[in-house]
Peer 1: 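Once you've had a glance at the structure underneath, I'll fire off some questions.
Counting starts at 1 for both ligands and their atoms, following the listed order. None of the values given here were measured: they were computed from a predicted structure.
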Amino acid sequence: MIPGPFNYHRPASVADAVKLLADLGEEARPLAGGHSLVPMMKLRLATPEHLIDLHGIAGLRGIDRAGNQVVIGAMTTQHDLLASEEIARSVPILHETALLIADPQVRYRGTIGGNVANGDPGNDMPALMMTLGASYRLEGNSGTREVAAVDFYQGAYFTALEPGELLTAISIPVPAEGHGYAYEKLKRKVGDYATAAAAVVLTMAGGKVATCQIGLTNLAETPLLAADAAKAVIGTSLDQGALKNAAAAAEAIMTPAADARGPVEYRKHVGGIMVMRALQRAAERAR
Ligand SMILES: Cc1cc2nc3c(=O)[nH]c(=O)nc-3n(C[C@H](O)[C@H](O)[C@H](O)COP(=O)(O)OP(=O)(O)OC[C@H]3O[C@@H](n4cnc5c(N)ncnc54)[C@H](O)[C@@H]3O)c2cc1C
């Protein structure tokens, strides 16, 4: 329950943080809210020799609208997202998802950057970011690059982040006016990670689904974009047949682990149900 020894650094700029990461090498880790990293350190599953605390870098926290994009600094907390009128107005599914993460204590400290950079299949934001077509700004000693959320996740705790790189911001294209959305999450109790969860963003035209994106949380080693499931509902009025086809297509790509949240078949089954519920609720909200 007690972490191993580590050195603590508190840079005041992204440039200083990136320099520290480069100088200190693989034994250095960024520290954001600490609500994933510190428990791992207490269990000795992570033993970094250096923690680079990002809280001293003022420019990393905040929410801005830039044209058709909402740009969120990596150190913006889940609580900041919930308090933001811009998020509630422009990307309401992000508000809905943040509210389903843990409890107020965790949400006050936990950051969106830490959530998406962590690479834990149980984190809720990654599948949502894929659903929304978001991209991540990564800054390192050799410059800045933009990586789409769909290309970021490579395996459990493996991401496109190169050693020495920092994720500094997340850009989300604002979904179409009148879009419908829902994040459905099955969990064993309040504050738990998802047994299975699905994010849906869609538009309707003339009572039929015109566009649709579906993301899945904790149903594989990485978050998933369920493209065939989305295709199965486009052009339909979301009748029972279309919903079942979408659930079946989504279940076909799920490879969850059997763990304390249930055996594989159960988690796939409830994953399909989350997809159907999210589609129905999103359609009800679409204008
Ligand atoms: C009781 C409890 C319940 C929880 N339930 C949920 C849940 O239901 N859903 C959910 O999604 N999460 C859940 N969490 C996790 C929580 O949301 C974390 O806050 C989040 O996963 C990580 O964000 P953080 O800011 O705390 O990051 P940290 O723990 O500080 O960092 C996580 C990892 O990301 C790296 N990192 C952090 N920031 C950056 C950056 N800017 N650039 C590069 N690397 C970075 C760190 O080095 C570390 O490896 C729960 C946590 C607790 C304690």
Peer 1: Salt bridge or not between Asp23 and Lys19? Use side-chain N to carboxylate O under 4.0 Å.
Peer 2: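 Yes, Asp23 and Lys19 are salt-bridged.
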Peer 1: I would like to know whether Met274 and Thr195 meet side-chain contact (heavy atoms from CB on, under 4.5 Å); could you show each step before the answer?
Peer 2: CA-CA 10 Å; Met274 293 303 106; Thr195 300; over 6 Å; no
Peer 1: I'd like the residue list for ligand 1, meaning every protein residue with a non-hydrogen atom under 4.0 Å from the ligand.
Peer 2: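 Residues near ligand 1: Arg29, Pro30, Leu31, Ala32, Gly33, Gly34, His35, Ser36, Leu37, Leu54, Ala74, Ile101, Ala102, Val106, Gly110, Thr111, Gly114, Asn115, Ala117, Asn118, Asn123, Asp124, Leu161, Leu166, Leu167, Lys185, Gly191, Asp192, Tyr193.
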Peer 1: Does this structure show an ion pair linking Glu251 with Lys268, if we count only N-O contacts that are shorter than 4.0 Å?
Peer 2: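 So Glu251 does not pair with Lys268 through a salt bridge.
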Peer 1: Could you check whether the rings of His50 and His9 sit parallel, tilted or perpendicular, using 30° and 60° as the cut-offs?
Peer 2: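 Tilted, since the angle between the ring planes falls between 30° and 60°.
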Peer 1: Rest of the hydrophobic cluster containing Leu60 (Ile/Leu/Val/Met/Phe/Trp/Tyr, side-chain heavy atoms under 4.5 Å)?
Peer 2: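 Joined to Leu60, directly or through intermediates: Val14, Val18, Leu20, Leu21, Leu24, Ile52, Leu54, Ile57, Met75, Leu166.
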Peer 1: Can you check whether Gly73's main-chain N or O pairs, donor with acceptor, with Thr76's side chain at less than 3.5 Å?
Peer 2: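 Yes; judged by distance alone, with no hydrogens or angles, the pair exists.
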